[in-house]
Amino acid sequence: MGAGHAHPLYLDRAGRVHRLAPEVKIVAVLLFTIVVVVTPPTRFWAFAGYALLIAVLAATARVPAFWLLKRATIELPFVLLAVVLPFAGHGERVEWLGLSLSIEGLHGAWNIFAKGTLGVLASLLLAATTTMRDLILGLDRLRVPSVFTQIATFMLRYIDVLADDARRMRIARLSRGYDPRFLWQVKAFAVGVGSLFLRSYERGERVYLAMVSRGYTGRLPQPAHDRAPARQWAMSAALPLASAGIAVAAAVLT
Amino acid sequence: MDAQAMHIANGIVNGPVSAVFVVFAVAVLAICVWKARADLDDRLAPMAGLVAAFIFAVQMLNFQVLPGVSGHLLGGTLAVILVGPWVGALCVSTVLIVQCLLFADGGLTAIGLNITNMALLGTAAGYLLVAGLLRILPKTPGGLGATAFIASVVSVVVASQGFVLEYALGGTTDLSLPWISGTMAGTHVLIGIGEGLIAATTVATVARVRPDLVYALRRFRKPVVLEEVAA
Amino acid sequence: MIDVATPALNVSRLHYAYPDGRAALRGVDLTIAPGERVALLGPNGAGKTTLVLHLNGILHGGGGTVEVSGLPVTPGDRPAIAEIRRRVGIVFQDPDDQLFMPTVAEDVAFGPANSGVRGAELDARVDEALAAVGMSDHRDHVPHHLSFGQRRRVAVATVLAMRPEILVLDEPSSNLDPASRRELAEILESLPVTLLMVTHDLPYALELCPRSVILDTGRIAADGETAALLSDRELMRGHRLELPFGFDPAAAAASRADRS
Amino acid sequence: MIDVATPALNVSRLHYAYPDGRAALRGVDLTIAPGERVALLGPNGAGKTTLVLHLNGILHGGGGTVEVSGLPVTPGDRPAIAEIRRRVGIVFQDPDDQLFMPTVAEDVAFGPANSGVRGAELDARVDEALAAVGMSDHRDHVPHHLSFGQRRRVAVATVLAMRPEILVLDEPSSNLDPASRRELAEILESLPVTLLMVTHDLPYALELCPRSVILDTGRIAADGETAALLSDRELMRGHRLELPFGFDPAAAAASRADRS
Ligand SMILES: Nc1ncnc2c1ncn2[C@@H]1O[C@H](COP(=O)(O)OP(=O)(O)OP(=O)(O)O)[C@@H](O)[C@H]1O
Ligand SMILES: Nc1ncnc2c1ncn2[C@@H]1O[C@H](COP(=O)(O)OP(=O)(O)OP(=O)(O)O)[C@@H](O)[C@H]1O
Ligand SMILES: [Mg+2]
Ligand SMILES: [Mg+2]
């Protein structure tokens, strides 16, 4: 178990942002997102500023732009929603290329699109620079109740067990002449899900007992580095402060 | 609207309403944490982790419900049956928090909304149904499977209506509420059926092989008769 | 060794590196004639399991070729792979890698059912395979609720039930109690198959396989008569192989001669 | 066997049934004196692993008592259990159950770190344990990307690093290559601990443990000197134990005498 506890969105780079303590990054991203969300959608300049901030951050973290954009497609459903709005919205309408669009709908679409995208990009940057294990450690240091971190720690462990057991079961099936076709696959999936769950539980339980046998009491031994130094807090405060600055400037200008 | 809208992104519901729901979610979760203390023993802790991992894994797998409409499980009912309502709500919340932080799935400022819908409304509905249905249906693996199926379908639809309520309170655009409500309910019945099938097979398997692990059956369990005693 | 017939297994210049970049096989050549019984020996981490996983196309893509009874193992070619997986039965080193169905009987039935065996014949196969490993009493149990040794025995049964032409066993005797170990040896001796057996149990290799191959750091280091290899002290020591405490090759040879 | 000191392990009338109702232990009594080395023998499914899992309170609740150096194993009593788990080190039968950290070194450090060892001392312990099993080169690898035998060796190292007073090993030698098996025997012989070793490898038991206990269907069937038990043909046959092909107890005794 435990393949380094990375996750699909983690980018293993030796960037400066990677080395920041996780709790610092979580707080910075959270504050940034709040600032973005409370900005009225008509302050267009502010959003351009936020986008610029994200770009600078991505460059510092050595996360390629293409990587970010590709991963940002997770947001696509909301973009679809945003596309629907100008047609479905009420109130005053404008004509554009022969289409009748609702102005309020257009504003709504922009609002969802801009805030959604910036939020996703910020989270992606956090994800790209933080392993799941560090994230849990960060949450723990932010005084999230230990029930959560305990469940999250087990969850992390079990994600590996599930993936590992699913792989083992697949190889076992293939080696004994199983030839997956669509319909059969559905059936095997149905049988498989229950067995996989149970199998993973019992393996995870045995692993847990083995951990307990070696003195585990609910907390993993912490990696060497301790709490984030003040310097790191100051450094990452740059993101929310800059965004707040942009928000205020945009409010004054318009 | 796409069914993935179950995970609300930033900017769909306005700031004040989002903030109110954060407060609401934190308050309810605090009660859950307090209640869960008694439940979370050596046995339940790994189970809670597995339930969370399982929900996490199946939420990553978006399956096609209809052409153009994909959806994923919410897992609330499964969690309720296997680890009980309090720990169950915590499991689903943990998944949502990790997903929004590390997978950019669901907005950070919409976390209160998402937790309210999926972790609180979904599990509460699931719990009430499970508790009710288990009084009527047989306490066998089959009965439990049927319970899981029905409770899943209903709880998914209830959770989807949470979004409608939030949108009514603080939607940033003006869409027809009956239309949203209808679309959400319609697609989520289909998602609920998928979820129900998975929850039913899983729960039935566990109940057959390790009934001791099923929280919902705890109240009904007879003391184990050891072979020794009989022999 | 005889080259008249098509070899049952023909591995040529096989290379493989795991995704993390570690090379596990560095040019393996191995030919096994139909009906031959070969032991695959070598230290921990030599690449034995990696080699075994190539024999039915589970691992591939590192360069080199594998042929089963003349049929090349080409991962893309579904019908060929299906045919090869019918012919080659692999017992994995870890029984947990082998067992996945909800009950022992279903697990044993899985392989034959996939190759079209049905009804009474299927039941007969399952019963026979379970009887062979002494697990008939456990047919309705959950496989992963068995003891380790019991799981190993069921794992062997799942492959026996497929009646493969070529039987590949990765450490079949580990975790078996001594009687089961002997019973397994008797079963294996009685089967009319080509056999490739990975083992760290040198006496077991000597008992079952006239020919042995030593694999070390991804290369074939020796290939010859088992008795000859085991008596070559220098060779043995070089590959972390040694005869166990109290094992007397002379006594072994005598007892072998006695029996046959 | 000497009853002057408090026994290192004292198991009395231990019963256990798994949740599905199958009885695995039916009244086990076993006393082991400090410093003794005992082999636990018996057929597959006898209940050996189940017994082992009771020795530090992982399984419990079926009736009977377990005491470690006079301290009763009471599942509810957290500090006592923590103390017992510091004293009793268990190497599990399946290495996959034992290894869970992202790297080999972290996994070995896990146990000592939990009992408060830190910094340079922790590093020294990890290095020493890995060196003992010959896995120093693999310290930064992912445990489940190792070969089975390598995982087994790391599993042993994780427990050695904890420096337990009582070492319990469930089939430690299975899947090890012959040289590693001997090296493990040498390590175990040199450790000043009480040892309980489950094994199906009778020569190994004879080599390491002067005393043996046979467990069958959840009950102790015999308890005595290893050499004596192994020569009792009747007893051995009754419990699916038999000396392996080519093993000559006389030769073994001689070579043992030679060495010591
Ligand atoms: N999944 C994996 N990822 C990366 N490296 C691996 C993986 N599995 C094995 N290896 C490495 O490949 C080499 C060969 O491993 P393999 O499992 O084939 O050895 P083996 O000969 O079967 O050993 P054993 O006797 O211990 O079972 C070893 O160095 C091992 O560390
Ligand atoms: N998790 C489980 N659930 C139910 N029954 C089990 C479980 N594990 C083991 N058993 C049963 O309990 C009995 C004792 O098993 P145990 O694992 O203790 O045997 P063992 O002596 O260690 O055997 P082996 O030598 O094969 O490892 C067996 O009959 C087995 O089928
Ligand atoms: Mg191997
Ligand atoms: Mg065992």
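This one's a predicted model, so the numbers in the text were calculated from it and none came from an experiment.
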Can you measure from [atom1] ([X]) to [atom2] ([Y]) and round to the nearest 0.5 angstrom?
X       : Y       : atom1 : atom2 : value
E171(C) : L176(D) : CD    : CG    : 9.0 Å
R240(C) : E183(D) : CZ    : CD    : 4.5 Å
D20(C)  : H141(D) : CG    : NE2   : 7.0 Å

For this session: Give the member of K48(D), R152(D), Q93(D) that has the highest number of heavy-atom pairs under 4.5 Å with chain C.
Result: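 Option with the greatest count: Q93(D).
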Problem set entry | Options G134(D), A24(D), G42(D), G45(D), ranked by heavy-atom pairs under 4.5 Å with chain C, top entry |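 Heavy-atom pairs under 4.5 Å are most numerous for G45(D).
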Exercise. Counting heavy-atom pairs under 4.5 Å to chain D, which of M236(C), H239(C), Q150(C) comes out on top?
Worked result: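 Among the listed options, the one with the most contacts to chain D is Q150(C).
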Exercise. Are side-chain N/O atoms of H200(D) and R181(C) paired as donor and acceptor at under 3.5 Å?
Worked result: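 No, because no side-chain N or O of H200(D) sits under 3.5 Å from a partner of the opposite role on R181(C).
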Exercise. Under 3.5 Å, is there a donor-acceptor pair linking the side chains of S174(C) and N175(D)?
Worked result: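 Yes, a side-chain donor-acceptor pair sits under 3.5 Å.
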Of the backbone (N, CA, C, O) and the side chain (C-beta and beyond), which part of [X] lies under 4.5 Å from a heavy atom of chain D, both, or neither?
X       : result
D170(C) : neither
R237(C) : neither
T49(C)  : neither

For this session: Assess whether atom CZ of R22(C) is packed by more than 12 heavy atoms of other residues, nucleotides or ligands within 6.0 Å.
Result: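 Counting other residues, nucleotides and ligands, CZ of R22(C) exceeds 12 neighbours.
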Problem set entry | Minimum-distance pair of heavy atoms, taken over all atoms of P178(C) and E242(D) |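 Looking at all heavy atoms of both residues, the shortest contact is CB-O, 3.3 Å.
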For this session: Test D94(C) against D94(D) for side chain to side chain contact (heavy atoms under 4.5 Å, CB included), laying out the working first.
Result: CA-CA 9 Å; D94(C) 187 343; D94(D) 188 344; 4.3 Å; yes
For this session: Determine whether R151(C) and N44(D) make a side-chain contact, defined as any pair of heavy atoms from C-beta on separated by less than 4.5 Å.
Result: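 A side-chain contact is absent here, since even the closest heavy-atom pair is not under 4.5 Å.
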